[in-house]
Amino acid sequence: MASVLDTSSIYDTYYNNINSVSGSSLKDKIGSIGSSCKEDELMEVCKDFESYFVQKMLEEAKKSLENEDEKGEYMQYFSNMLNETYADAVVDGGGLGLAQQLYDSMKTQYNLQ
């Protein structure tokens with residue numbers, strides 16, 4: 001019988017849902033871009049993509065580190081939120097330049113003025 005405190009299956013379900021929702025909602029946003037899209041909407045989608053990309057990079061980088069603080073039960077639950085916050089901070093602080101490159105490319109592709 002599983003313990004009431006055994007929440008690993010709940011976490012796994014949450015983690016899988018978050019990854020699929022984030023990726024699919026971003027995919028929907030990118031798919032909805034067309035010639036009727038406004039420039040600020042396009043830039044917002046590009047920044048969302050860059051943030052998602054940075055978040056995935058952080059997750060992969062943390063896998064290679066052995067950090068005792070990260071192994072705690074509560075850190076496992078909130079590490080996704082922490083990575084998302086870090087990614088948003090990176091993008092808001094200027095980012096990697098990926099959002100601007102995507103924006104410039106898509107602006108040309110969709111002939112936005």
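Taken to the nearest 0.5 Å, the CG atom of N80 stands 11.0 Å off from the CG atom of L58. Here the CG-CE distance, from D40 to M43, works out to 10.5 Å after rounding to the nearest 0.5 Å.
Residues V90 and M57 are members of one and the same hydrophobic cluster, defined by side-chain heavy-atom contacts under 4.5 angstrom among Ile, Leu, Val, Met, Phe, Trp and Tyr. By the rule that hydrophobic residues join a cluster once side-chain heavy atoms approach within less than 4.5 Å of another member, F53 and L102 end up as members of one cluster. Under a hydrophobic-cluster definition in which Ile, Leu, Val, Met, Phe, Trp and Tyr are linked whenever side-chain heavy atoms come within less than 4.5 Å, directly or via other members, V91 and L82 are assigned to different clusters.
Side chain to side chain, K62 and N83 meet the donor-acceptor criterion of an N or O pair below 3.5 Å.
Between E39 and Y103 the shortest heavy-atom distance is OE1-OH, 2.9 Å. Of all heavy-atom pairs spanning A87 and S51, the tightest one is CB-O, 3.3 Å.
L96 places a side-chain heavy atom less than 4.5 Å from the side chain of E50. Looking only at side-chain heavy atoms (C-beta outward), M106 and C46 come within less than 4.5 Å of each other.
Here the side chain of T108 pairs a donor or acceptor atom with the backbone of D104 at under 3.5 angstrom. Proximity of a side-chain donor or acceptor of E41 to a complementary backbone N or O of K38 within less than 3.5 Å is detected. Without hydrogens or angle criteria, E84 side chain to Q55 main chain gives no donor-acceptor distance under 3.5 Å.
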- [ ] Go through the steps for E44 and K47 under the test salt bridge (charged side-chain N to carboxylate O under 4.0 Å, His left out), then give the verdict.
- [x] CA-CA 5 Å; E44 189 63 33; K47 284 183 177 182; 5.7 Å; no

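Qualifying side-chain hydrogen bond (donor to acceptor under 3.5 Å, both in side chains) partners for Q109, counting only residues two or more places apart in sequence or in other chains: none.
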